[in-house]
Amino acid sequence: MAESEYRCVGCGFRVKSLFIQYSPGNIRLMKCGNCKEVADEYIECERMIIFIDLVLHRPKVYRHVLFNEINQETVNIQHLLWKLVFAYILLDSYRSLLLGRTNEQTSLVLITVKVLIDVLSTNFAFLCSFALAAKSLLNEVSRKREILLGILISSYFKIFLLAMLVWEFPVTVIFIIDILVLTSNSMALKVMTESTTSKCIAVCLIAHTVRFLVAQVFEPTTFFTQFGSLVYLSSLFRIL
């Protein structure tokens, strides 16, 4: 993402341009010099199709978003990074409240302080463990800002937590969202580093596990609540 060049969504090869515009609304998509296919077919796709392919974890759409959509030529990377960090903290704070880590009789100030300490400490542990795991397993010591931006963007599944403002879901749903965030982070890391799937999953699994363990310091019963809900949901599927 730090490079001014774009990427072919199929093979990841660098291309200098994705299309030629002859007039407003009249463009011709460029082909990749490596695989000879259209470099980025998502340019002509609707946003909903792009979002669906993101949910399906297709590597092509991750390359489109992380390299071609978010590029220094079109986006202020630093400004976008700070906005994503702010949104990430807000969603994590809401997640903490959903997990019932606060007492209803506690004052609003104490609730806010507890949630912020919880969110900041767990995410700090996540970043430190992620950096160490990436350095040891992937030998990634450069492009720290770009990889962080990719991890934040690939955590888009956290947006589904907002559905709980309208509908009431069991705690299991939060647990499932956490798993989807982990798999999405792994796909984004694989696309950005071009490492093996197993190593990328291992890095993200280590980071998310450390984050989870640190969270238990603030609420030890969270794990048992989630595990119990997951077992209950599995039993319902077996009955059906």
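Keep in mind that what you see is a predicted model, and the values were worked out from it rather than measured.
- Between Ser195 and Leu189 the shortest side-chain heavy-atom distance does not fall below 4.5 Å.
- Under the side chain to side chain donor-acceptor pair (under 3.5 Å) criterion, Ser186 pairs with no residue at all, not counting sequence neighbours.
- Between Ile52 atom CD1 and Arg47 atom CZ the span is 14.0 Å, to the nearest 0.5 Å.
- Ile201 is not connected to Val191 by any chain of hydrophobic side-chain contacts under 4.5 Å among Ile, Leu, Val, Met, Phe, Trp and Tyr, and they are in different clusters.
- Residues Met164 and Ile159 are members of one and the same hydrophobic cluster, defined by side-chain heavy-atom contacts under 4.5 angstrom among Ile, Leu, Val, Met, Phe, Trp and Tyr.
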Item to check | Working for side-chain contact (heavy atoms from CB on, under 4.5 Å), residues Leu148 and Leu127 | outcome: CA-CA 9 Å; Leu148 173 60; Leu127 290 175; 3.7 Å; yes
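- In this structure the side chain of Val15 never reaches within 4.5 angstrom of the side chain of Asp40, judged on heavy atoms.
- Side-chain atoms of Ser129 do not come within 3.5 Å of backbone N or O of Val210 as any donor-acceptor pair.
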Checklist entry - Run the side-chain contact (heavy atoms from CB on, under 4.5 Å) check on Leu149 and Leu66 step by step: do they pass? => result CA-CA 9 Å; Leu149 184 60; Leu66 296 175; over 6 Å; no
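- Counting only heavy atoms from C-beta outward, the side chains of Val173 and Ile176 never approach each other to under 4.5 Å.
- For Asn123, the side chain to side chain donor-acceptor pair (under 3.5 Å) partners at least two apart in sequence or on another chain are Asp92.
- Hydrophobic clustering (ILVMFWY, side-chain heavy atoms < 4.5 Å, transitive): Leu162 and Leu180 are in one cluster.
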What side-chain donor-acceptor pairs closer than 3.5 Å can you find for residues 31-39, not counting sequence neighbours?
| residue | atom | partner | partner atom | Å |
| --- | --- | --- | --- | --- |
| Lys36 | NZ | Gly33 | O | 3.1 |

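- Taking OG of Ser93 as the start and CG of Leu91 as the end, the distance is 8.5 Å to the nearest 0.5 Å.
- When side chains are defined from C-beta on, Leu18 does not count as touching Leu29, because their heavy atoms never get closer than 4.5 Å.
- For Tyr156, the ring pair (Phe, Tyr, Trp, His ring centres under 6.0 Å) test picks out no residue, with sequence neighbours left out.
- Taking SG from Cys200 and CE from Met192, the interatomic distance works out to 8.5 Å, rounded to the nearest 0.5 Å.
- For the side-chain contact (heavy atoms from CB on, under 4.5 Å) criterion with His208, the lone passing option out of Val181, Ile179, Leu213, Val203 is Val181.
- Side-chain contact between Gln21 and Ile27 is present, with at least one heavy-atom pair separated by less than 4.5 Å.
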Next on the checklist: Pair Val9, Glu41 - check side-chain contact (heavy atoms from CB on, under 4.5 Å), show working.
Outcome noted: CA-CA 8 Å; Val9 298; Glu41 65 266 27; 3.5 Å; yes
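- At most 12 heavy atoms of other shown residues, nucleotides or ligands fall within 6.0 angstrom of atom CZ in Phe124.
- The structure places OG1 of Thr112 at 8.5 Å from CG of Leu97, a figure rounded to the nearest 0.5 Å.
- A donor-acceptor pair under 3.5 Å is formed between the side chain of Asn185 and the backbone N or O of Ile151.
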Next on the checklist: Could you go through Glu44 and Phe19, starting from their C-alpha distance and side-chain angles, then the distance that decides it, and tell me whether this counts as side-chain contact (heavy atoms from CB on, under 4.5 Å)?
Outcome noted: CA-CA 10 Å; Glu44 295 183 329; Phe19 61 90; over 6 Å; no
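- Atoms CG and CZ, on Asp53 and Arg58 in that order, are 4.5 Å from each other to the nearest 0.5 Å.
- Counting only residues at least two apart or in different chains, ring pair (Phe, Tyr, Trp, His ring centres under 6.0 Å) contacts with residues 44-65 comprise Tyr42-His64, His57-Phe157.
- A salt bridge links Arg7 with Glu194: the distance from a Lys NZ or Arg NE/NH1/NH2 to an Asp or Glu carboxylate oxygen falls below 4.0 Å.
- Here the side chains of Phe212 and Thr122 are not in contact, with every heavy-atom distance at 4.5 Å or above.
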Taking distance alone, no hydrogens or angles, what donor-acceptor pairs closer than 3.5 Å link side-chain atoms of residues 77-90 to residues at least two apart or in another chain?
| residue | atom | partner | partner atom | Å |
| --- | --- | --- | --- | --- |
| Gln78 | OE1 | Arg145 | NH1 | 3.1 |

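- Panel note: side chain Ser136, backbone Leu132; a donor-acceptor pair is recorded below 3.5 Å.
- Hydrophobic clustering (side-chain heavy atoms under 4.5 Å, transitive across Ile, Leu, Val, Met, Phe, Trp, Tyr) keeps Ile49 apart from Ile43.
- In summary, Arg95 and Asp178 engage in a salt bridge, as defined by a charged side-chain N under 4.0 Å from a carboxylate O.
- Considering all non-hydrogen atoms of both residues, Ser121 and Ile117 come closest at OG-O, 2.6 Å.
- Side-chain atoms of Arg28 and Tyr22 include a donor-acceptor pair closer than 3.5 Å.
- Connection of Leu182 to Phe175 is not established within any shared hydrophobic cluster, with ILVMFWY side chains joined at heavy-atom distances below 4.5 Å, either directly or through further cluster members.
- Within the 4.5 Å cutoff, side-chain heavy atoms of Pro59 are placed close to those of Met187.
- Ile174 contributes atom CD1, which lies 10.0 Å from atom NZ of Lys158 (distance to the nearest 0.5 angstrom).
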